[in-house]
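Here is the structure we will look at, set down as structure tokens.
Since the structure is predicted, the reported quantities are computational estimates derived from the model, not experimental observations. Hydrogens, waters and symmetry mates play no part in the numbers below; they use all other heavy atoms, side chains included. All residue numbers refer to positions in the sequence shown, counting from 1.
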Amino acid sequence: RKTSKMKAIVALLVVLAAGSGAFASPLNQIKLPATGSGALAKELQPFVDLIPIEKVVALTEIYLTQDKEFQTAIKLIRGSEVKQWVQDIEHASEFKMIMDYIQSNGLDIVALMKAFNKGIGIPPLSSVIKSYLAPQVQITGGIQGYVRDVAALMSIEDFVKLYDDKMEHSKLFQDLVHELISTKYLPFYQSIFTNKHYQNAENEAAKSGIDRHTFQVYSELLLLASVQM
């Protein structure tokens with residue numbers, strides 16, 4: 001059960017890290033924006049520090065120029081159906097409750113979401129010319145290969161160790177985890193992938209030869225990849 005909680009928190013932190021690109025320093029270090037006491041921003045910062053942002057962005061660029069399945073998936077993720085899907089999620093009352101909780105506990109999630117939403121409107125996929133000129137780098141390939149290659153850039157053990165330490169010693173972090181996995185959000189979480197706009201995007205992915213389960217499981221990561229560029 002702890003592992004499932006850790007995965008949920010890491011997923012949230014990756015979203016925050018990608019969305020906070022506007023707050024990166026010249027050294028490409030991500031600093032989570034704070035509000036009020038800034039307590040939650042300070043609590044989550046060590047997780048974000050474990051993410052090698054520059055390497056992940058570089059890997060994403062390689063996949064965008066060399067891997068056809070990844071290119072197709074990102075093109076779908078940048079389409080109108082996914083944009084409407086994200087808007088539907090953000091308009092849900094439960095989503096607003098989560099955002100209010102995070103905002104009131106010291107992390108400026110509003111600023112991060114603004115950056116994330118701006119990123120979704122990024123121009124179309126890299127040009128064909130760029131893909132021909134880009135140096136060929138050895139990659140695993142495919143959506144699942146991208147996930148494995150990204151995971152190889154960071155230490156999952158460090159994430160697990162940090163998560164366990166926070167769960168044992170930080171009341172603020174414990175409260176955040178308990179809030180995010182609260183049963184009151186269960187209907188909202190279940191509705192995310194039954195949304196008609198998501199279903200339309202998944203159908204298009206299937207028509208393009210992308211496995212439905214793979215598209216669903218990694219849709220959030222694909223969203224982040226599309227925001228980076």
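For the atom pair Q84 CD and N195 CG, the distance stands at 8.0 Å (nearest 0.5 Å). Here the OH atom belonging to Y198 is positioned 9.5 Å from the CG atom belonging to N203, to the nearest 0.5 angstrom. In this structure, OG in S170 is found 9.0 Å from CG in D165, a value given to the nearest 0.5 Å. Atom CG of residue L222 and atom CD1 of residue I143 lie 5.0 Å apart, to the nearest 0.5 angstrom. Rounding to the nearest 0.5 Å places CD of Q216 at 13.5 Å from CD1 of I210. Between atom CD of residue E90 and atom CG of residue N117 there is a gap of 4.0 Å, rounded to the nearest 0.5 Å.
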Stepwise side-chain contact (heavy atoms from CB on, under 4.5 Å) test for K196 and D88: CA-CA 10 Å; K196 65 179 182 180; D88 287 350; 5.5 Å; no

Output, in order, the C-alpha distance, side-chain angles, deciding distance and verdict of side-chain contact (heavy atoms from CB on, under 4.5 Å) for T60 and L64. CA-CA 6 Å; T60 302; L64 278 172; 4.2 Å; yes

Test side-chain contact (heavy atoms from CB on, under 4.5 Å) on D175 and Y101; report intermediate values, then the result. CA-CA 10 Å; D175 289 345; Y101 179 90; 3.3 Å; yes

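Between G142 and E69, the shortest heavy-atom contact is CA-OE1, 3.2 Å. The minimum heavy-atom distance between I51 and M154, with the atom names listed, is CG2-CE, 4.2 Å. Closest approach of Q174 to H169, counting heavy atoms only: NE2-N, 4.3 Å. Nearest heavy-atom pair, A111 versus P33, reported as atom, atom and distance to 0.1 Å: CB-CG, 4.5 Å.
Screening K118, M99, Q103 for a side-chain contact (heavy atoms from CB on, under 4.5 Å) with M113, the sole residue that qualifies is M99. A side-chain contact (heavy atoms from CB on, under 4.5 Å) with I109 is found for one member of I102, L40, D100 and no other, namely I102.
Formation of a donor-acceptor pair under 3.5 Å by the S191 side chain with backbone atoms of F188 is found in this model. Remark: side-chain polar atoms of Y63 are not paired, donor with acceptor, to backbone N or O of Q71 under 3.5 angstrom. Between the side chain of S208 and the main chain of E204, a donor-acceptor pair closer than 3.5 Å is present. With hydrogens and angles ignored, the 3.5 Å screen pairs a side-chain donor or acceptor of Q45 with a backbone N or O of L32. Here the side chain of W85 pairs no donor or acceptor atom with the backbone of F193 at under 3.5 angstrom.
L107 places none of its side-chain heavy atoms less than 4.5 Å from the side chain of E43. Contact annotation: the side chain of Y189 never approaches that of E94 to less than 4.5 Å [non-hydrogen atoms, C-beta and beyond]. The shortest side-chain heavy-atom distance between Q87 and H197 does not fall under the 4.5 Å cut-off. With contacts defined as side-chain heavy-atom distances shorter than 4.5 Å, the pair D67/Y146 does not qualify.
Applying the ring pair (Phe, Tyr, Trp, His ring centres under 6.0 Å) test to every pair with at least one member in residues 200-222, sequence neighbours left out, gives no pairs at all.
Looking at residues two or more places apart in sequence or on another chain, you find a salt bridge (charged side-chain N to carboxylate O under 4.0 Å, His left out) between R212 and E202. Taking the side chain to side chain donor-acceptor pair (under 3.5 Å) definition, one finds that T140 meets it with D149, sequence neighbours left out.
The aromatic rings of Y163 and F173 sit perpendicular, their planes meeting at an angle over 60°, well past the 30° parallel limit.
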